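To start, the structure itself, in structure tokens.
As the structure is a computational prediction, the values presented were derived from the model and not from experiment.
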Amino acid sequence: MMIRKECAVLTDRGGRKVNEDSVLVQSLPNGQVVVLGDGLGSNGGGSLASFTAVTEVAGCFGEGICSGTAGIAEAFSRANEAVLGCQTEDCRMMTTLVALFFQGESAVWAHVGDSRLYHFREVRMMERTIDHSVSQMAAAMGAITEDQIRFHPDRSRILRALGSDSCEPDISEPVSLADGFHAFLLCSDGFWKYVLETEMEQALSTAANPDQWLAQMECILKKRAPADQDNYTAAAVFTVAET
């Protein structure tokens with residue numbers, strides 16, 4: 001069996017002067033990796049932090065390190081050390097990170113922070129990553145709803161990030177891709193903040209390819225986002241099992 005994959009990416013600085021998001025898709029003989037980071041730029045250096053982390057994890061995948069939970073954790077640890085190595089007294093840069101790994105007939109993902117991965121089977125959302133944020137914690141405690149995370153006053157308070165002591169990734173169980181169509185969406189908070197999960201499903205149901213899916217969702221985002229909109233970045237992957 002062969003797993004056919006199609007991938008598309010978009011990134012935009014929005015209403016900001018600098019785009020501090022980074023995204024990378026890398027296809028290698030041992031599989032494919034998609035990595036996305038959202039640099040935390042309140043202290044400066046967000047773009048360097050996200051680029052450093054994204055390229056470090058992709059490099060680890062190329063070296064064959066990201067096989068299994070321990071290998072993925074090692075890749076995130078190396079990315080954390082690389083970001084720490086870029087910091088100065090005046091610039092304590094950090095970044096979120098979400099990564100999707102394809103090997104053989106399965107997929108696995110990992111994340112730190114509030115950049116998300118959504119997994120769809122056919123056109124229904126099956127799961128998404130759980131943000132490492134104060135607002136996500138409030139939702140878990142029942143203080144707010146999941147939808148209220150998007151505009152909660154503490155949404156930008158991140159509890160885990162690369163470039164800090166709290167950098168342990170959450171790693172999914174492997175998902176088999178041998179049972180038909182799957183879609184994956186990786187995105188920074190500047191993207192998912194303005195596109196509801198039901199709208200992601202609706203756009204997916206009419207999209208012929210990942211580029212169309214992203215374009216439809218970006219149209220929704222642009223209708224809602226203010227002029228000073230944050231950077232936004234997304235990567236979409238379609239997989240189909242072929243015999």
Side-chain angles (χ1 to χ4, degrees), residues 1-9 23-37 53-54 57-58 60-76 79 96-132 136 140 146 160 168-188 191-192 195-205 207-211 213-214 217 233-243:
M1 177 177 293
M2 182 181 74
I3 306 298
R4 178 169 58 85
K5 295 185 286 292
E6 293 182 83
C7 185
V9 301
V23 61
L24 176 64
V25 179
Q26 184 166 270
S27 297
L28 297 165
N30 62 326
Q32 185 181 61
V33 61
V34 185
V35 199
L36 184 151
V54 162
V57 169
C60 288
F61 184 78
E63 294 174 27
I65 292 171
C66 303
S67 179
T69 299
I72 293 172
E74 172 65 18
F76 270 65
T96 69
L97 196 74
V98 57
L100 173 62
F101 306 93
F102 294 105
Q103 291 179 308
E105 297 178 3
S106 66
V108 63
W109 53 89
H111 82 291
V112 169
D114 66 348
S115 290
R116 292 181 176 181
L117 180 140
Y118 294 86
H119 170 218
F120 300 80
R121 175 74 175 88
E122 300 305 334
V123 295
R124 293 288 175 261
M125 191 183 84
M126 305 302 294
E127 55 197 318
R128 76 156 173 88
T129 52
I130 302 302
D131 306 334
H132 301 132
Q136 180 73 73
E146 285 285 321
R160 295 190 212 173
E168 181 181 357
D170 286 346
I171 304 172
S172 75
E173 293 295 323
V175 170
S176 173
L177 304 175
D179 56 350
F181 175 78
H182 292 257
F184 300 89
L185 175 67
L186 294 77
C187 51
S188 61
F191 187 92
W192 61 255
V195 186
L196 302 177
E197 286 78 7
T198 53
E199 293 167 331
M200 296 175 185
E201 290 179 333
Q202 177 59 37
L204 180 59
S205 70
N209 53 57
D211 283 293
W213 189 29
L214 290 182
M217 290 186 288
T233 300
V237 185
F238 287 3
T239 73
V240 179
E242 298 179 336
T243 55

* Any chance you could measure Leu186, atom CG, to Phe191, atom CZ, to the nearest 0.5 Å? => 11.0 Å
* Arg121 side-chain N/O to Phe181 backbone N/O, donor-acceptor pair under 3.5 Å -> yes
* **Partners passing ring pair (Phe, Tyr, Trp, His ring centres under 6.0 Å) against Tyr118 (at least two apart in sequence or in another chain)** => none
* **Heavy atoms from other residues, nucleotides or ligands near CD of Glu173 exceed 12 (cutoff 6.0 Å)** => no
* To do: Can you sort out the partners of Trp192 under ring pair (Phe, Tyr, Trp, His ring centres under 6.0 Å), two or more places apart, ordered by chain and number?
  => none
Validation: residues 102-114 side-chain donor-acceptor distances under 3.5 Å, sequence neighbours left out:
unit_1, atom_1, unit_2, atom_2, d
Ser106, OG, Gln103, O, 3.2
His111, NE2, Ile130, O, 2.7

* **Nearest-0.5 Å distance that lies between atom CG in Asp179 and atom OG1 in Thr239** => 8.5 Å
* To do: Keeping the roles fixed (side chain from Arg124, backbone from Glu201), state whether a donor-acceptor pair exists under 3.5 Å.
  => no
* To do: Give a yes or no answer on whether the side chain of Gln32 reaches the backbone of Ser27 with a donor-acceptor pair at less than 3.5 Å.
  => no
* Asked: Considering only heavy atoms from C-beta outward, does the side chain of Val34 approach that of Gln26 to under 4.5 Å?
  -> no
* Asked: Nearest 0.5 Å, what's the CG-CZ distance between Leu177 and Arg4?
  -> 13.0 Å
* Ignoring hydrogens and angles, tell me if any N or O in the side chain of Ser67 forms a donor-acceptor pair with the backbone of Gly64 under 3.5 Å. => no
* Got more than 12 heavy atoms from elsewhere within 6.0 Å of CD, Glu63? -> yes
* **Exam field: side chain Ser115 to backbone Gly37, donor-acceptor pair closer than 3.5 Å** => no
